[in-house]
Amino acid sequence: MAQYKSDLIQTLTARGFLHQCTDLAALDAKAASGPITAYVGYDATADSLHIGNLVSVMMLHWLQRTGHRPITLMGGGTTKIGDPSGRDETRVLVDDATIRARMASQQTAFRRFLNYDSSATGAVLVNNADWLDDLQYIPFLRTVGPHFTINRMLTMDSVKLRLEREQPLTFLEFNYMILQGYDFVELNKRFGCTLQLGGSDQWGNIVQGVELGRRIANAELFGFTCPLITTSSGAKMGKSVSGAVWLNGDKFSPYDYYQFWRNAEDGDVGRFLNLFTDLPLDEIARLEKLEGAEINDAKKVLALEATTLLHGAEAATDAAETARKTFEQGGVGDDLPTIDIPTAELKAGIAVWNLFQRAGLAESNGEARRLIRGGGAKMNDERCADENATVTLDAVKDGIIKLGAGKKRHAIIKVAG
RNA sequence: GGAGGGAUGGCCGAGCGGUCAAUGGCAGCAGACUGUAAAUCUGCCGACUUAUGUCUACGAAGGUUCGAAUCCUUCUCCCUCCA
């Protein structure tokens with residue numbers, strides 16, 4: 001194992017966060033000699049962070065834990081431009097009110113991983129709209145424009161790929177990397193920020209900032225990127241049975257979050273333990289040795305630890321308990337999604353397929369019917385054979401009806417009123 | 001400004017007057033096998049209380065036709081070449 005002088009670089013590299021760095025040795029020396037300030041930028045592309053943002057948040061998390069100061073830069077300004085990196089299509093432009101609401105909503109997740117206190121290593125929250133919104137075009141162009149050549153910009157992947165694929169790239173988007181570069185320099189000026197972290201797709205944008213800093217502020221800036229996380233079977237991370245994996249609990253419950261990690265592929269467990277938990281390396285090394293069915297123990301640890309980080313110990317143990325009851329005992333856990341149905345309605349009888357649809361286990365009545373027809377629907381642990389069956393109070397046991405769609409999706413019907 | 005080409009279901013991509021709710025592939029869901037894994041095989045995959053039924057859908061709006069995703073007109077957007 002390579003040894004580094006600073007806890008920061010030692011930790012990040014040992015845990016698998018390093019993809020590229022502008023000057024690893026110099027950064028290591030700098031981090032070893034004293035606290036540094038580093039940032040990651042997040043555009044308001046949704047009202048919650050998602051699993052794809054988590055790696056960079058974890059980098060900030062470790063940065064803070066190793067004695068440095070993290071900045072979370074909210075892209076209140078850059079969101080109005082739209083980062084073309086890694087996409088073929090222009091982002092849909094959103095209005096100010098939406099951006100503000102999204103940024104506020106994203107905060108809840110950040111606060112789970114970072115301490116925004118007033119100490120020397122307290123995380124700082126900034127919004128680049130603070131300086132980008134009021135930029136004056138001509139002075140801005142004269143300041144940064146001379147330091148960017150079109151020749152160079154055209155070689156950037158974000159631009160090059162778009163052009164190669166003959167997809168349009170608007171002038172608006174073309175400016176994104178310049179503004180991101182400007183952000184870095186501005187953060188350096190305001191907070192002495194010398195390091196920008198990000199996903200590997202941000203490399204080009206980050207390097208532009210590093211170079212701009214050297215040219216107009218004579219500052220020594222660093223860039224550090226982490227690999228884009230995919231599952232070992234090559235799929236992009238972040239999809240689950242219910243769609244995107246959001247970090248906000250109201251969009252994606254702690255139980256679902258737990259299950260997401262619990263269902264990780266075998267080949268990902270070790271890597272994910274390193275990236276997404278706080279567990280010490282030797283403990284991870286022990287868990288990585290597990291093989292065959294025993295690897296499930298490692299997955300449980302992964303799920304519990306990852307969920308604890310985001311939702312807290314209580315929510316995590318509740319989720320684990322629900323999963324244990326549901327999967328290992330065939331029982332009913334408290335955290336399963338629950339819907340209420342009035343007694344009167346049930347007395348009159350409800351079609352099975354409608355019940356599945358209402359419980360959120362099927363998008364439409366038709367899908368519910370198909371589910372039943374395909375043999376994937378279960379009520380009180382018994383396979384539903386007749387798609388036209390009617391459910392009445394007879395099905396209620398201890399005040400509830402347990403529904404299952406496939407092996408992994410469960411819901412509870414509570415009889416109310 | 002001129003000349004061509006294109007817009008199809010979550011994505012890619014066939015169809016080019018009826019047999020089209022639309023071939024294929026990917027993604028997704030379910031079943032089998034397992035370890036709440038992967039791989040593999042099988043089924044499903046617009047909506048509707050399921051109906052040899054109705055409705056909505058092939059960029060938008062009109063039109064031709066017994067009948068249009070398919071033909072015509074106009075519009076919108078995109079691409080390529082020329083100026």
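Order of the sequence lines sets the chain letters (A, B, ...), proteins ahead of strands, with each chain counted from 1. Reckoned from all heavy atoms, side chains included, excluding hydrogens, waters and symmetry mates.
- In this structure, the nucleotide among B/C48, B/G35, B/U36 sitting nearest to the side chain of A/N263 is B/U36.
- Among the protein residues, A/G267 comes within range of no part of the nucleic acid, since none of its heavy atoms lies under 4.0 Å from any strand.
- An OP1 or OP2 oxygen of B/A32 is reached within less than 4.0 angstrom by a side-chain nitrogen or oxygen of A/K407.
- The separation of B/A83 from B/C16, taken at their C1' atoms, amounts to 34 Å, rounded to a whole angstrom.
- Within the structure, every side-chain polar atom (N or O) of A/T326 is placed at least 4.0 Å from both OP1 and OP2 of B/U36.
- Spacing of P atoms, B/C55 relative to B/A7, comes out at 28 Å, to the nearest Å.
- Applying the Watson-Crick and G-U wobble criteria (two distances, each under 3.5 Å), B/G53 pairs with B/C48.
- Taking atom C1' in both B/C58 and B/A69, the straight-line distance is 4 Å, to the nearest Å.
- Atom name C1', nucleotides B/G6 and B/G13: the rounded distance is 14 Å, in whole Å.
- Put simply, the side chain of A/K300 and the base of B/U36 share no donor and acceptor less than 3.5 Å apart.
- Nucleotide B/C16 has no partner under the Watson-Crick or G-U criteria, as no pair reaches both atom distances under 3.5 Å.
- For the residue pair A/R152 and A/V207, the shortest heavy atom distance occurs at NH2-CG1, 4.0 Å.
- For A/E265, counting side-chain heavy atoms from C-beta on, the closest listed nucleotide (B/C48, B/A37, B/U50) is B/A37.
- Residue contacts shown for A/E367 are absent, as no nucleic acid heavy atom lies under 4.0 Å away.
- The side chain of A/R383 places no N or O atom within less than 4.0 Å of a non-bridging phosphate oxygen (OP1 or OP2) of B/A30.
- A/R65 and A/D7 are not joined by a salt bridge, as no carboxylate oxygen comes within less than 4.0 angstrom of a charged side-chain nitrogen.
- Across all strands, A/A323 comes closer than 4.0 Å to base atoms (heavy-atom distances).
- Distances shown here put a side-chain N or O of A/K408 below 4.0 Å from the OP1 or OP2 atom of B/A37.
- Atom CG in A/D256 sits roughly 14 Å away from atom C1' in B/U36 (whole-Å rounding).
- Of all nucleotides listed (B/G35, B/U36, B/U49), B/U36 comes nearest to the side chain of A/F327.
- Shown here, B/C29 forms a base pair with B/G43; the pair counts as Watson-Crick or G-U wobble because both key distances fall under 3.5 Å.
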Exercise for the section: Kindly indicate, with the supporting measurements, whether the criterion ring-ring contact (aromatic ring centres under 6.0 Å, His included) is fulfilled by A/F110 and A/Y42. Expected result: CA-CA 11 Å; A/F110 283 123; A/Y42 298 90; 4.8 Å; yes
Problem - side chain to side chain contact (heavy atoms under 4.5 Å, CB included) evaluation trace for A/N274 with A/L281 - result: CA-CA 7 Å; A/N274 273 299; A/L281 295 174; 3.2 Å; yes
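- Taking side-chain N and O atoms only, A/R373 has no distance below 4.0 Å to OP1 or OP2 of B/C29.
- Here the nucleotide nearest the side chain of A/R370, chosen from B/A37, B/C45, B/U50, is B/C45.
- Residue-to-nucleotide proximity on RNA chain B shows that, of A/G375 and A/E387, the 5′-proximal contact is made by A/G375.
- Within 4.0 Å (heavy atoms only), A/A264 reaches sugar-phosphate atoms of the nucleic acid but no base atom.
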Practice task
Kindly determine whether A/Y255 and A/H410 satisfy ring-ring contact (aromatic ring centres under 6.0 Å, His included), including the steps that lead there.
Solution key: CA-CA 11 Å; A/Y255 169 71; A/H410 301 275; 8.2 Å; no
Handout entry: side-chain hydrogen bond (donor to acceptor under 3.5 Å, both in side chains) between A/D183 and A/W131, worked out
Key = CA-CA 9 Å; A/D183 278 349; A/W131 55 84; 2.8 Å; yes
